[in-house]
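Not measured: the values here are computed from a predicted model. Both backbone and side-chain heavy atoms feed into the values below; hydrogens, waters and symmetry mates do not.
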Amino acid sequence: MRTRRRSAILAHGLLIIVSIATIAASLGVIGYCLFDSAKAEERLSGRRPTYLAGPLDANPLDNYGLVFGVGHNSGASLTTIHQALAAGADVIEIDVVPMGDTLISAHDVPLPIVGREVFRGPTLGQAWRAAADAEVIQLDVKVSTPFVRQKLIHFLDTHPTNQTVMIATSDITLLEQIQAAHPQVYRFLGIADAATLKRLTSDPDLAAMLDGVTIRHQLVTPDSIAKLKAMNLIVLAWTVNDLATVNALVEMGVDAVSTDNLAIMHLLSGNQSGERRLAEHRANQVLGSRF
């Protein structure tokens with residue numbers, strides 16, 4: 001009898017602890033949603049703010065050459081893919097993260113359990129199919145683990161395409177594996193801070209494995225551009241929504257700009273400039289290797 005009573009007390013205490021933990025977690029999620037609603041929406045459902053469609057804030061340059069425009073995170077929804085394509089984006093960017101055993105198109109990993117139930121974005125496969133009319137698809141891998149690397153390489157194995165494909169990531173191991181498994185895919189190192197930039201510019205072996213970089217635009221300076229160009233790297237600056245900054249970056253020598261601004265995408269569009277710039281880069285690599 002005493003044993004049963006002790007068991008009942010323990011079970012009751014455990015129930016109280018679980019209930020308190022559940023309430024605390026629920027309050028935490030509610031507070032997260034209230035105090036950072038934009039981030040909460042991203043973590044819960046994968047949505048991103050809609051594209052900008054307002055007027056440009058500066059006069060366009062006379063010539064943007066082969067500088068190409070990237071629809072920033074355009075793969076976040078089928079709507080934004082179509083918007084970016086209609087605006088003439090040279091590159092459809094699909095951010096890639098895992099959700100359970102699936103790769104999805106989202107900037108951040110959805111919250112466990114809750115995020116999986118309310119996620120409204122496309123899977124990687126759905127975004128890939130929707131971007132079939134794009135000249136270039138950029139897969140920006142936001143979270144790279146052995147599981148993600150394996151799934152992504154398998155995805156490329158099973159989704160052959162005549163489109164130009166870029167992989168952008170801060171994970172050097174993934175880029176090395178892509179080079180071995182799919183050498184035709186363009187490899188871009190993601191640079192979000194000065195330490196990563198310094199590491200790359202002091203490592204010629206790493207640079208030789210890359211086709212280019214995707215770099216936070218605040219890190220682009222005449223000095224950093226000169227160093228990256230000396231290593232024969234394509235420079236894609238992100239994320240820029242005002243034309244004055246785009247113009248300054250183009251004049252410094254960037255090759256591409258990622259933007260949420262549909263007017264900037266349209267301005268930088270033209271005659272497959274993204275594909276031409278990338279193909280020209282690979283042709284120069286082959287030519288250089290012969291001498």
Side-chain angles (χ1 to χ4, degrees), residues 39-49 70-85 89 91-192 210-214 236 238-239 258 260:
K39 194 67 175 176
E41 183 180 35
E42 175 63 26
R43 290 296 307 278
L44 288 170
S45 67
R47 285 191 173 183
R48 297 288 290 169
V70 179
H72 174 237
N73 195 17
S74 41
S77 73
L78 303 186
T79 297
T80 46
I81 290 175
H82 296 317
Q83 284 180 314
L85 289 173
V91 181
I92 294 298
E93 178 191 343
I94 302 174
D95 287 353
V96 180
V97 298
M99 186 174 71
D101 61 356
T102 303
L103 296 182
I104 61 171
S105 177
H107 190 270
D108 292 300
V109 179
L111 290 172
I113 303 176
V114 178
R116 188 178 302 183
E117 293 299 322
V118 301
F119 179 72
R120 297 188 291 274
T123 65
L124 172 56
Q126 290 169 333
W128 179 274
R129 289 190 293 273
D133 292 332
E135 62 188 69
V136 182
I137 293 178
Q138 174 187 330
L139 301 181
D140 197 340
V141 183
K142 297 298 185 183
V143 175
S144 185
T145 63
F147 168 79
V148 170
R149 293 194 286 266
Q150 180 183 19
K151 292 285 287 187
L152 184 61
I153 290 174
H154 177 71
F155 181 87
L156 293 173
D157 289 340
T158 55
H159 291 76
T161 179
N162 292 324
Q163 294 165 287
T164 299
V165 179
M166 302 164 50
I167 295 287
T169 178
S170 59
D171 180 13
I172 295 171
T173 299
L174 172 58
L175 293 170
E176 290 172 338
Q177 292 183 1
I178 291 293
Q179 183 184 33
H182 291 276
Q184 79 282 6
V185 171
Y186 288 77
R187 300 172 295 277
F188 280 66
L189 180 67
I191 299 179
L210 302 173
D211 293 289
V213 298
T214 61
L236 189 164
W238 52 269
T239 302
S258 177
D260 297 306

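Scanning all heavy atoms of the two residues, the minimum distance from Ile81 to Ala127 falls at CD1-O, 3.7 Å. Of all non-hydrogen atoms in His182 and Asp157, the two that sit nearest each other are NE2-OD1, 2.7 Å. The minimum heavy-atom distance between Pro183 and Ala180, with the atom names listed, is CD-O, 4.2 Å. In plain terms, the two heavy atoms of Pro122 and Gly75 that are nearest each other are CG-O, 3.4 Å. The shortest heavy-atom contact between Val148 and Pro98 is CG2-CG, 3.8 Å. In terms of heavy-atom proximity, Gly71 sits nearest to Ala89 at N-CB, 4.1 Å.
In this structure, CG on Leu85 lies 10.0 Å from CD on Glu135, to the nearest 0.5 angstrom. Taken from OG in Ser77 to NE2 in His82, the straight-line distance is 8.5 Å, to the nearest 0.5 Å. The structure places CD1 of Ile191 at 11.0 Å from CG of Leu236, a figure rounded to the nearest 0.5 Å. Expressed to the nearest 0.5 Å, how far CZ of Arg129 lies from CG of Leu124 amounts to 9.5 Å. Considering CG of Leu156 and CD1 of Ile178, their distance stands at 5.0 Å, rounded to 0.5 Å. Taking CG from Leu210 and CZ from Phe188, the interatomic distance works out to 9.0 Å, rounded to the nearest 0.5 Å.
Side-chain atoms of Leu103 and Trp128, non-hydrogen and from C-beta on, never get closer than 4.5 Å to each other. The side-chain heavy atoms of Asp211 and Met166, taken from C-beta on, include no pair separated by under 4.5 Å. Between Gln138 and Val70, some side-chain heavy-atom pair lies under the 4.5 Å cut-off. The closest side-chain heavy-atom distance from Asp108 to Val97 is not below 4.5 Å. The shortest distance between side-chain heavy atoms of Thr80 and Asn73 does not fall below 4.5 Å. Contact annotation: the side chain of Val109 never approaches that of Met99 to less than 4.5 Å [non-hydrogen atoms, C-beta and beyond]. Side-chain contact between Thr169 and Leu175: present, with at least one pair of heavy atoms (C-beta onward) separated by less than 4.5 Å.
A distance-only check finds no donor-acceptor pair linking the side chain of Gln83 to the backbone of Ser74 [under 3.5 Å]. For the pair Trp238 (side chain) and His72 (backbone), a donor-acceptor distance under 3.5 Å is absent.
Counted within 6.0 Å of CD on Gln150, heavy atoms from surrounding residues, nucleotides or ligands total 12 or fewer; the atom is thus considered open. The environment of NE2 in His159 is crowded: more than 12 heavy-atom neighbours from other residues, nucleotides or ligands sit within 6.0 Å.
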Item to check | Residue pair Thr164, Gln184: steps toward the side chain to side chain contact (heavy atoms under 4.5 Å, CB included) verdict | outcome: CA-CA 8 Å; Thr164 299; Gln184 79 282 6; over 6 Å; no
Checklist entry - How far apart are the C-alpha atoms of Ser258 and Glu93, what are their side-chain angles, what is the distance that settles it, and do they pass the side chain to side chain contact (heavy atoms under 4.5 Å, CB included) test? => result CA-CA 9 Å; Ser258 177; Glu93 178 191 343; 3.6 Å; yes
Next on the checklist: I'd like to know whether Lys151 forms a salt bridge (charged side-chain N to carboxylate O under 4.0 Å, His left out) with Asp101, so could you lay out the CA-CA distance, the side-chain angles of the two residues, the decisive distance to 0.1 Å, and finally the verdict.
Outcome noted: CA-CA 9 Å; Lys151 292 285 287 187; Asp101 61 356; over 6 Å; no
Item to check | Leu152 and Arg149: CA distance, side-chain angles, deciding distance, side chain to side chain contact (heavy atoms under 4.5 Å, CB included) verdict | outcome: CA-CA 5 Å; Leu152 184 61; Arg149 293 194 286 266; 5.9 Å; no
Item to check | Ile167 and Arg187: CA distance, side-chain angles, deciding distance, side chain to side chain contact (heavy atoms under 4.5 Å, CB included) verdict | outcome: CA-CA 5 Å; Ile167 295 287; Arg187 300 172 295 277; 5.6 Å; no
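No donor-acceptor contact under 3.5 angstrom links the side chains of Asp140 and His107, judged on distance only.
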